[in-house]
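Written out below as structure tokens is the structure these notes cover.
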Amino acid sequence: MKRNIYLMYAMTFLQGMVFYGAIATLYRQAQGVTIFQITLIESISYALTIALEVPWGMVADRIGYKRTLVVCCWLYFLSKIIFWQASDFGGFLAERVLLSVVIAGLSGVDTSVLYLCAGPENSQHVFGVYNSLGMAGLLTASAVYTLFIGENYRLAGLLTVFSYGAALLSLALIEVHPAPEKAEARALFGATLRATLAAPGLLVFLIAVGLLTEVHQTVTVFLNQLQYERCGMGSTAIGAVYIAATLLGLCGVWSAVVTRRTGSRRAAVLFCLAPALACGLLAFTDRALLSVGGIWLLRVSDSLFRPFQAQLQNRQVQTTNRATALSIHAMILDCVAIGTNLVFGALAQWDLRLAFGFGAAVCLAALGLLVFWRRRTHLA
């Protein structure tokens with residue numbers, strides 16, 4: 001099963017090479033798309049993902065994880081071609097619609113493959129390496145953008161299309177969850193749903209995770225560039241800062257070490273307070289140095305949190321239909337994301353500082369939910 005792990009490592013590295021990552025918001029704005037339209041597209045994408053999560057999970061459990069990964073990786077490749085050619089709101093919306101199909105399909109499948117191949121004891125370390133290699137790919141792409149691409153946004157889109165040719169690697173994977181017998185495949189979805197939600201405090205845990213994840217996603221992917229412009233930073237400086245932030249994202253490989261030394265409870269508190277502090281800082285400053293520091297703190301916190309969260313989430317699966325169960329998890333996370341995205345977009349359109357203040361409040365709310373969850377379980 002090491003072959004699968006190494007292939008997944010290679011795929012996440014290549015798919016992490018998003019050459020327009022440093023200017024994702026500016027790329028869209030250059031085509032006439034506003035920040036509210038960007039977050040609206042994200043929310044529509046999340047809604048579609050919710051609708052597809054469970055059907056895709058059930059399909060994955062029936063046709064096998066390899067076939068699911070192959071289909072999704074090729075659709076991923078197609079979505080980047082659409083993004084490269086997009087020139088208005090409709091084009092970027094079409095890209096996100098297709099991406100929603102991919103995200104719903106991959107949801108739970110990639111982590112299930114890694115979890116089954118690595119085993120429960122080594123899974124957090126493998127998740128950490130997996131996430132860090134994705135960041136390494138983004139780091140490589142960001143360096144290329146800063147040094148060679150500059151204002152040529154279309155070239156950044158084209159190079160991203162090439163990197164997503166990583167879909168070829170999916171063909172070499174070995175199946176770890178073969179298609180079940182027909183009688184077994186007719187198991188009722190309701191049974192899987194009941195088994196999934198039977199985990200104590202699972203809903204509270206997932207809401208907390210969704211809040212923390214969306215704060216990081218929205219601030220470090222979309223709002224950071226607006227903050228940098230507010231501080232008077234140019235494209236070259238933004239690219240350089242983005243490279244450094246991506247480099248910090250590699251620290252996810254040490255997630256297991258950090259949580260082992262601090263203890264799971266203290267680690268969970270740290271992963272909530274750090275992003276709250278970062279958002280609070282961004283809300284009250286227009287200085288470039290402090291703004292950069294806030295974004296970097298968010299990146300480090302999220303990079304350490306994701307492997308920790310992935311391990312806890314997989315340990316709470318109480319059914320053999322793992323992909324379906326994790327799709328139910330993702331559906332709940334996406335519901336959280338829709339609401340937070342719209343609020344972030346509306347506040348940022350009005351006043352960017354309000355959006356950051358909302359992010360700080362959300363992180364503190366996540367802390368309260370995790371404390372409540374821990375009292376219901378012994379997993380952390």
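All heavy atoms count here, side chains included; hydrogens, waters and symmetry mates do not.
One N or O on the side chain of Arg3 and one on the backbone of Ala172 form a donor-acceptor pair closer than 3.5 Å. In this structure a side-chain-to-backbone donor-acceptor pair under 3.5 Å is missing from Ser301 to Leu297. Under the 3.5 Å distance criterion, the side-chain polar atoms of Ser170 are left unmatched by any main-chain donor or acceptor of Ala166. The main-chain N or O of His216 is never found under 3.5 Å from a side-chain atom of Asp302 such that the two would form a donor-acceptor pair. Distance alone, capped at 3.5 Å, places no donor-acceptor pair between the Arg374 side chain and the Leu370 backbone. Panel note: side chain Trp56, backbone Val101; a donor-acceptor pair is recorded below 3.5 Å. Judged purely by atom type and a 3.5 angstrom limit, Gln225 uses its side chain to pair as donor or acceptor with the backbone of Val221. Under the 3.5 Å distance criterion, the side-chain polar atoms of Glu175 are matched with a main-chain donor or acceptor of Lys66. With hydrogens and angles ignored, the 3.5 Å screen pairs a side-chain donor or acceptor of Thr340 with a backbone N or O of Val336.
Between Arg306 and Gln309, the side chains place no donor N or O within less than 3.5 Å of an acceptor N or O (distance only, hydrogens not considered). No side-chain N or O of Ser327 forms a donor-acceptor pair with one of Ser107 less than 3.5 Å apart. Between the side chains of Asp88 and Gln31, not a single donor N or O lies within less than 3.5 Å of an accepting N or O.
The side-chain heavy atoms of Arg287 and Leu289, taken from C-beta on, include no pair separated by under 4.5 Å. Within the 4.5 Å cutoff, the side chain of Leu326 has heavy atoms near those of the Ser112 side chain. Counting heavy atoms from C-beta outward, Arg230 and Leu226 have side chains that stay 4.5 Å or more apart. Using a 4.5 Å heavy-atom cutoff, the side chains of Leu155 and Phe148 are not in contact. Thr39 is not listed as a side-chain neighbour of Leu342, based on a closest heavy-atom distance of 4.5 Å or more. Taking 4.5 Å as the limit, every side-chain heavy atom of Leu211 sits out of range of all side-chain heavy atoms of Cys363. Counting only heavy atoms from C-beta outward, the side chains of Leu352 and Gln227 approach each other to under 4.5 Å. Taking the side chain as every heavy atom from C-beta outward, Ser45 and Val97 never approach each other to under 4.5 Å.
Here the closest non-hydrogen pair linking Leu139 and Ile243 is CD1-O, 3.2 Å. Closest of all the heavy-atom pairs between Gly359 and Val215 is O-CG2, 3.8 Å. Between Ile82 and Gly91, the shortest heavy-atom contact is CG2-O, 3.9 Å. Across all non-hydrogen atoms, the minimal contact from Arg96 to Ile103 is NH2-CD1, 4.4 Å. Across all their heavy atoms, Ala310 and Phe127 have their closest contact at CB-CD1, 3.7 Å. Scanning all heavy atoms of the two residues, the minimum distance from Ser43 to Asn341 falls at OG-CB, 3.3 Å.
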Which is it for Ser291 and Leu282 under the side-chain contact (heavy atoms from CB on, under 4.5 Å) test, yes or no, and what are the steps along the way? CA-CA 6 Å; Ser291 297; Leu282 291 168; 4.0 Å; yes
Using side-chain contact (heavy atoms from CB on, under 4.5 Å), reason through Tyr242 and Ile295 one step at a time and then give a plain yes or no. CA-CA 9 Å; Tyr242 191 80; Ile295 298 298; over 6 Å; no
Show your reasoning for whether side-chain contact (heavy atoms from CB on, under 4.5 Å) applies to Tyr130 and Asp110. CA-CA 10 Å; Tyr130 182 71; Asp110 55 349; 3.5 Å; yes
Can you check side-chain contact (heavy atoms from CB on, under 4.5 Å) on Phe205 and Gln313, steps first, answer last? CA-CA 9 Å; Phe205 171 78; Gln313 191 174 339; 4.2 Å; yes
Ignoring hydrogens and angles, write down the donor-acceptor pairs under 3.5 Å from the side chains of residues 250-261, residues two or more places apart or on other chains.
residue	atom	partner	partner atom	Å
Ser255	OG	Gln124	NE2	3.1
Ser255	OG	Leu304	O	2.7
Thr259	OG1	Gln124	NE2	3.2
Thr259	OG1	Ser255	O	3.1
Thr259	OG1	Ala256	O	3.1

I'd like a table of donor-acceptor pairs (distance under 3.5 Å, sequence neighbours excluded) in which one partner is a side-chain atom from residues 7-30, with atom names and distances.
residue	atom	partner	partner atom	Å
Tyr20	OH	Lys80	NZ	3.0
Thr25	OG1	Phe222	O	3.2
Arg28	NH1	Ala24	O	3.0

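With values rounded to the nearest 0.5 angstrom, Phe83 atom CZ is found 12.5 Å from Leu158 atom CG. Taking OH of Tyr228 as the reference point, atom CD1 of Ile238 lies at 8.0 Å (rounded to 0.5 Å). Separating the CZ atom in Phe356 from the CG atom in Asn224 is a distance of 7.5 Å, to the nearest 0.5 Å. Atoms CG and CD1, on Leu116 and Ile5 in that order, are 10.5 Å from each other to the nearest 0.5 Å. Between Leu202 atom CG and Trp373 atom CH2 the span is 9.5 Å, to the nearest 0.5 Å. Atoms OG1 and CD1, on Thr218 and Ile38 in that order, are 11.5 Å from each other to the nearest 0.5 Å.
In this structure, Tyr164 has its ring center no closer than 6.0 Å to that of Phe77.
Cluster annotation: Leu281 is not connected to Val300 through the hydrophobic network of ILVMFWY side chains, with a link wherever side-chain heavy atoms come within less than 4.5 Å. The same ILVMFWY cluster, assembled from side-chain heavy atoms under 4.5 Å apart, contains both Phe344 and Phe92. Residue Val269 is not grouped with residue Val209 when hydrophobic side chains (ILVMFWY) are merged at heavy-atom distances under 4.5 angstrom, including chains of intermediate members. A chain of hydrophobic side-chain contacts below 4.5 Å, direct or via other Ile, Leu, Val, Met, Phe, Trp or Tyr residues, connects Trp350 to Leu223. A continuous path of Ile, Leu, Val, Met, Phe, Trp and Tyr side chains, each step under 4.5 Å between heavy atoms, connects Leu168 with Tyr65, placing both in one hydrophobic cluster.
By the neighbour-count criterion of 12 heavy atoms within 6.0 Å, atom CZ of Arg353 is sparsely surrounded, having that number or fewer from other residues, nucleotides or ligands. Within 6.0 Å of the CZ atom in Arg154, the count of heavy atoms belonging to other residues, nucleotides or ligands exceeds 12.
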